[in-house]
Structure formats: structure tokens, C-alpha cells
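These numbers come from the heavy atoms of this one structure, side chains and all, not from hydrogens, waters or symmetry mates. In this chain, numbering begins with 1 at the start of the sequence shown.
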Amino acid sequence: MGLHPLEFSECYLDSPQFRDKIKAHEAELDKTNRFIKELYKDGKNLINATKQLGLAQRKFAQCLGEFHFEYIGDAKTDDEKCIDESMQEFSKFLTNLEDQRELMMRNITETLMKPLEKFRKEHLGTARVERKKYEKETEKYYSSLEKLLNMSARKKEPQLQEADSQVETLRLHFQEESLEYVCKLQEIQERKKFECVEPTRNRFEGARSEVYELMKRIREAPQEYRQTSPISCEGYLYVQEKRPPPFGSSWVKRYCTFIKEQKILNMVTFDQRSGGKFGEMESVTLKSCLRKTTDMLDRRFCLDLDITDRPGTVLTVQALSEDDHKFWIQAMGGKEPIGHYLGRTYSKERGIDAQLDEVGLSFVKNSISAIETRGINDQGLYRVVGVSSKVQKLLALMIDEKSNEVDLSVSEDWDVKTITSALKLYLRSLPEPLMTYGLYKEFISPAKGDSPECRIQAVHCLVHKLPERNRQVLGLLMRHLAKVAAHSKQNLMTVANLGVVFGPTLMRPQEETVAAIMDLKFQNIVVEILIEQHEKIFADPPDSCSTPPAAPVFSAPTRQSKKVSRQNRPLAVYNPQSLDIQNVSPVADSCGPTDETSMGSNESVSSQSSSASASETPSERNDHEPLDVSLSSGSNCGTAAASWSTPGASGESQPSPTSTAAEKKQPEESVTSRKAKAVYSCEAEHDSELSFPVGAIFNAVTQSREPGWLEGELEGKRGLIPENYVEML
């Protein structure tokens with residue numbers, strides 16, 4: 001397996017796994033450096049030996065050309081003439097051979113030896129310099145951080161604030177250096193490809209510009225890239241290790257991963273300054289978390305963890321900063337002193353405390369009424385933005401309970417573009433997108449591969465899985481946007497254009513990655529469906545999704561498969577004849593690492609997908625009667641919807657209420673005789689999974705206990721198969 005890519009977002013967590021990836025890249029560059037040195041040395045020896053050979057050959061050829069036989073008599077015979085001519089011809093041949101050899105050696109020197117040595121000295125040498133600089137900044141930052149954490153909490157507040165400020169400056173500088181170093185490592189790895197193969201240079205230049213653009217966006221983002229997954233969270237904590245008297249206690253730095261549902265805290269000892277060696281691994285189950293006040297322990301940012309594995313034992317840990325402290329308290333469900341509110345979002349730090357409450361709902365209704373009354377025909381409605389300071393001022397005014405009684409429909413103090421921008425800013429500043437983080441990839445999935453009818457059915461089902469308030473606000477907004485689109489001849493805002501504007505605003509992943517950028521066009525498609533089908537979607541729940549699931553169903557992990565273009569990818573990958581094995585709609589993984597998306601990054605990149613979304617949106621979408629809710633339904637739409645809403649979706653298939661007696665008596669062995677065909681290729685990520693190309697046929701296919709997976713046999717091996725990668729035969 002090749003080198004793992006170094007994600008820029010990983011620079012902010014600086015996890016042990018990230019350091020391992022960096023080590024692998026560094027080891028590869030060291031190996032390349034040694035290889036080039038040996039190659040250059042051997043190449044020079046070869047050239048010198050070839051020069052000596054050439055001199056000997058030329059001298060030999062000269063001797064042949066100058067040598068003549070003396071013959072008896074006054075004339076040469078034909079044989080004697082042939083001998084003379086042959087020696088002259090052979091002399092010329094040797095001379096020409098050495099001319100060509102000299103030319104070849106000159107070309108090798110100019111096209112291979114010199115470029116490789118130049119690459120080694122300039123680029124690999126630069127990498128070594130950057131490596132030393134990175135290690136120096138690592139030592140500097142983490143040493144200062146330890147000094148800060150060891151500082152007494154009883155010092156005067158100005159002293160503590162000054163120390164916090166200094167460490168924060170070092171942290172930002174270290175993260176900047178980390179971004180630069182990661183970029184340099186990957187650039188050098190890619191540069192090796194075209195130093196000797198010139199045609200690949202164009203691909204390198206294009207990829208490099210994309211990488212620099214992503215790094216620029218991450219660098220300019222106003223928040224730290226921190227994982228906020230609903231499944232787990234991770235980061236560094238200093239753990240107090242108590243020793244018997246008189247040795248006291250010590251604080252050990254550990255990288256911690258907290259799994260929220262099971263309340264399991266995994267801890268591994270790791271220090272970047274010790275050469276990045278992994279220490280012991282430990283897992284504990286959390287019972288409760290309580291903030292530790294400084295009057296109990298003379299250290300800041302501490303938490304007391306009550307561990308169920310060790311009754312009566314309290315584990316004391318220390319976070320890295322005040323923000324980090326709040327993060328861990330919120331993740332672990334910790335208790336805070338009275339008056340400390342855990343639910344504030346990062347938007348609060350920007351001065352915007354947007355919440356999906358009655359005040360927020362009132363603002364949405366007020367804004368929609370004003371826009372429809374005053375500016376429904378304004379060209380570029382929602383695309384033309386207002387002045388940032390005015391927009392923030394209006395939003396702050398409208399979400400303040402004491403001063404939100406302004407009727408925007410009659411107020412001349414605020415123009416229409418300021419109102420539209422304030423409405424979008426409100427939606428972006430909510431603690432969670434209106435269409436929620438948890439359902440993001442489920443909304444995206446049908447837009448990628450389903451038929452138009454199945455897209456509508458899937459989106460209809462998912463909308464009614466949203467919280468009541470979210471669905472209420474989303475319905476108001478979609479009805480409003482449908483009215484805006486109805487006036488597109490005047491305002492030029494078609495459904496496709498509105499999808500571009502509101503796609504990243506209403507739905508977004510927590511982590512901004514290249515994959516998330518590529519999903520922008522699918523966000524637009526979902527919003528277009530919501531606008532065009534708002535009457536059907538928001539009127540009543542679909543028959544197949546009338547019962548909400550008892551617990552969230554997490555889909556199969558995202559697969560490392562080859563990309564299939566939308567032009568060649570089939571609209572539906574499920575066989576409508578499948579009766580025995582439950583079909584699950586292709587839903588991407590919703591359990592990956594996540595980050596908070598920046599407030600301003602969504603619209604800045606949304607325009608990239610406008611043309612794509614416009615071309616990919618179906619021109620017509622017809623309403624269909626609700627499909628059968630049965631898990632054994634003949635329709636792939638019905639089964640997909642049922643799998644979202646039925647509590648037993650991950651278990652065995654259940655018989656339809658309308659199934660015949662013959663079907664009920666069907667022997668269980670028929671399930672194991674099913675076959676499936678691969679629609680997309682897949683590369684296994686674990687030993688328990690199967691790798692397969694497009695068209696592979698699986699035997700003895702059964703439903704796995706893992707949601708979103710099947711089990712089957714391929715070439716004598718049995719393993720797991722992603723359900724959304726195959727169709728039943």
C-alpha cells in the first residue's frame with residue numbers, strides 16, 4: 001500500500017496517527033535521497049568507465065585506419081584490396097560507435113543525472129530543513145504548553161491571561177508551520193513523478209493549485225478544525241497518575257478518544273517530543289464527568305471522571321485550554337457550575353447567538369414576508385449580498401428578544417438584499433444546519449445514484465425524520481423559495497440557482513474536505529427537489545415512513561472505490577425483483593471525523609457547482625403513488641424507504657402483510673442460495689471484507705448483522721460486502 005495522504009485538518013489535532021503518517025513520508029524521502037545518491041555515484045562511475053572505454057576504442061580505430069599491408073608486386077589482387085577496405089570500414093564503424101556512445105552519455109548526464117542531483121539537493125534538502133524547523137516548533141510549542149498547564153491557578157489574572165496569550169500565539173505559529181510542512185512533504189512526493197517524466201507536469205501543477213486552495217481555505221477559517229462527531233471526539237488530555245507517598249503524582253500526556261454512546265474513553269500515551277513513540281493503551285468506561293474547581297486543585301482546566309471499571313476511583317484529567325476544557329465537558333456530558341451554559345455555539349464567539357427557537361422562527365417569517373412584499377421581483381434575489389456590517393447588525397437586532405419587534409415588510413431602514421443576507425446568515429449560524437449533520441449523507445446519497453422518482457421518495461422520507469421545528473422552518477422556506485422561482489423571469493432566480501445558493505446553507509458536513517467540496521452539486525440537487533416538490537413533501541408523511549425509527553441507523557462505512565461518473569453510473573442499482581433480502585438505500589458513512597464548518601466558506605465555493613447542478617437536475621419530476629412499505633416489496637424505492645423507518649432494518653427480512661401463504665412457507669434455505677452482482681468496484685479496508693471488480697458474482701448472499709452490509713462468497717472466500725455496491729440476481 002502507498003503512502004497515506006496528509007489532510008490539512010489533521011494538523012490541528014496533531015494525533016499520533018497523523019505523526020505516524022508524517023514519519024512514513026519522511027522515511028520515503030530519506031529512502032529517495034539515498035537512492036539518488038547511490039544512483040548518481042554509480043552513474044558517474046559508469047560514465048567515467050565509458051569514457052575510458054571510448055578512448056581505447058578510438059585509439060584502436062585510429063590504428064586500424066592507419067595500418068596498411070605491404071604487398072609483393074606492382075598491383076594488388078582483389079582479395080588484398082578487400083582486406084584494406086575492410087579494415088578501413090571497421091575503423092570508421094568503431095569511430096561512429098564511439099560518437100553515438102558519447103552522445104548517449106551526454107544525454108544521460110543532462111536529462112537524468114543532473115536533474116536528479118538537482119532535485120536531491122534543492123527539494124530533498126529543503127525537506128530536511130523544513131523537518132528540522134517543524135521539530136523545533138513542535139518542541140517550542142509543547143514545552144510552553146506544559147509550562148502553562150503547570151502554572152498555579154492562584155496567580156493573578158493578568159499573569160494568567162498573558163501566559164495564555166503567549167501560548168496561543170505559539171500554537172497558531174506551530175499550526176501554520178505544520179500546514180506548510182505537510183504541504184511541502186506532499187508536493188515533493190508528487191514532484192518526483194515529473195522530474196524525469198515531463199508529460200506529467202501539467203497534472204502536478206493542476207493538483208498543486210487545488211491543494212494550495214484547500215490549504216488557504218483551512219488557514220483562513222475562523223475556527224479550529226476539531227472533530228465534533230455525534231459518535232466520538234478526540235484530542236489530548238493530561239492524566240494525573242497518583243503514586244504512593246512520598247512520590248506524589250505526575251501528569252502524563254495522552255491522546256484520548258471518547259465514544260459517546262458507550263461512554264468509553266480510550267487513552268494512549270504519546271508525546272511528539274519523545275520521537276513519537278506510542279505508550280501503553282488503556283480504556284475506561286465513564287460514569288460521570290465533573291468540572292474540578294481550582295480551590296480543590298491548583299491547576300486550571302481540570303475534570304474529574306468517575307470510572308465504572310474502578311468503583312470509588314476518580315480519574316483527574318487536564319485539558320489544554322479553556323476552549324478545550326469546554327469542549328470535553330460538552331462531549332462527556334459534564335456538569336458545570338450554575339450559570340454556565342454548555343450549548344453555546346461558535347457563532348456566539350462571533351457575536352451571533354442564533355437558535356432555532358420562537359425568536360428565530362419569528363425572524364424567518366418576518367424576513368419571508370418582507371421579501372415577498374417588497375422584493376420578489378428583484379434581480380439576483382438571494383445572490384446579491386448586503387453590506388456585512390449591516391447584515392450582522394440586522395440579525396443581532398432581530399434575534400434579540402428585547403428588540404425584535406421590527407416589521408421588515410414596512411421598514412425602510414433595511415433594504416431587501418440586507419434582509420436576504422441576514423436570513424442566510426441566520427441559517428448558517430445555527431448550532432446545527434437546518435437539515436442536521438446526522439442526516440447529511442443520507443440526503444446526499446439518493447441525489448447521487450437514484451432515479452428521479454426514488455430521489456423524491458427518499459427525500460420525502462428523510463424530511464419527516466427531521467426534528468419538528470427543523471421541518472417547520474424548512475417547509476416555510478421551501479414554500480417561499482417556490483414563490484421566488486415562480487418569478488424567475490423577473491428576478492432570474494430559477495430553481496437551479498436557488499439550489500446553488502441554499503444547498504451549502506441548509507445542509508453541510510461538519511468536516512470541510514475535498515470530498516465535501518465535490519458533494520456541493522448534490523446538495524443543490526436535494527434543495528431543488530425540496531423546492532419543486534414542496535407541496536407533496538411537506539404536506540403529509542409518506543406511507544412507507546409513517547413510523548420513525550427507534551434509534552438512529554448508522555450506515556456502512558464509506559468505501560475506497562473507484563469513482564464512477566454520473567454519465568455512466570446507473571440511476572438505480574437495486575433489482576426490483578429482490579424479495580428475500582432487504583434492500584437498503586445507499587447511504588454514505590455518517591460516523592467519520594468532523595469539524596465545524598466555517599460561516600463564510602459555504603457560499604464562497606458554492607458557485608463552483610452551479611453549472612453541474614443545473615445540468616444534472618431532472619427536467620421533470622412526476623408524483624407517484626406511495627409505494628408498499630413491506631420489506632419484501634417489489635419496488636426498490638419502497639424497500640429503501642422501509643429500511644430507513646423500520647426498527648428492525650438491520651436484522652432479518654420481515655414478511656409483507658400481503659404475502660401469500662406459499663411465500664410464508666418458503667424454506668429459510670432459499671435465502672442462502674441468493675446471488676448478487678457487483679455494480680461498482682470496491683477495495684477491502686479490513687480482512688473481514690471482500691475486494692471485487694465491477695461485474696463480480698457473489699454466491700450464498702445473506703444479510704449481515706452489520707447495518708448496510710451483506711455477507712457472501714467470492715472465489716472461495718466469504719466476507720462482508722457493502723450493500724449499496726451490488727444488485728441482487
### Task
Run the numbers on Glu117 and Arg120 for salt bridge (charged side-chain N to carboxylate O under 4.0 Å, His left out), then give the verdict.
CA-CA 5 Å; Glu117 183 64 7; Arg120 188 184 72 83; 2.9 Å; yes

### Task
Just grab all the salt bridge (Lys or Arg N to Asp or Glu O under 4.0 Å) pairs involving residues 140-153, residues at least two apart or on different chains.
Glu146-Arg273

### Query
Is Arg171 salt-bridged to Glu168, cutoff N-O under 4.0 Å?
yes

### Message
Going by the rule salt bridge (Lys or Arg N to Asp or Glu O under 4.0 Å), which residues pair with Glu130 if we only count those two or more places apart in sequence or in a different chain?
### Response
none

### Task
Using a strict 4.0 Å threshold on nitrogen-to-oxygen distance, state whether Arg131 and Glu135 make a salt bridge.
yes

#### Entry: Partner set under side-chain hydrogen bond (donor to acceptor under 3.5 Å, both in side chains) for Glu180, not counting sequence neighbours
Arg219

### Task
With sequence neighbours excluded, tell me which residues meet side-chain hydrogen bond (donor to acceptor under 3.5 Å, both in side chains) with Thr269.
Arg254

### Query
Residues two or more places apart in sequence or in another chain: which of them pass salt bridge (Lys or Arg N to Asp or Glu O under 4.0 Å) with Lys292?
Asp304

### Query
Looking at residues at least two apart in the chain, or sitting in another chain, which of them share a side-chain hydrogen bond (donor to acceptor under 3.5 Å, both in side chains) with Tyr255?
Glu234

### Task
Say whether Tyr236 and Gln272, considering side chains only, have a donor N or O and an acceptor N or O under 3.5 Å apart.
yes

### Message
Classify the ring geometry of Phe174 against Tyr134: parallel below 30°, tilted from 30° to 60°, perpendicular beyond 60°.
### Response
parallel

### Task
Quick one: do Cys11 and Phe18 satisfy side chain to side chain contact (heavy atoms under 4.5 Å, CB included)? Show the steps, please.
CA-CA 8 Å; Cys11 296; Phe18 174 63; 3.8 Å; yes

### Task
Side-chain contact test, heavy atoms from C-beta onward, threshold under 4.5 Å: evaluate it for Tyr680 versus Pro722 and give yes or no.
no

### Message
Using side chain to side chain contact (heavy atoms under 4.5 Å, CB included), reason through Asp323 and Phe327 one step at a time and then give a plain yes or no.
### Response
CA-CA 6 Å; Asp323 288 339; Phe327 169 81; over 6 Å; no

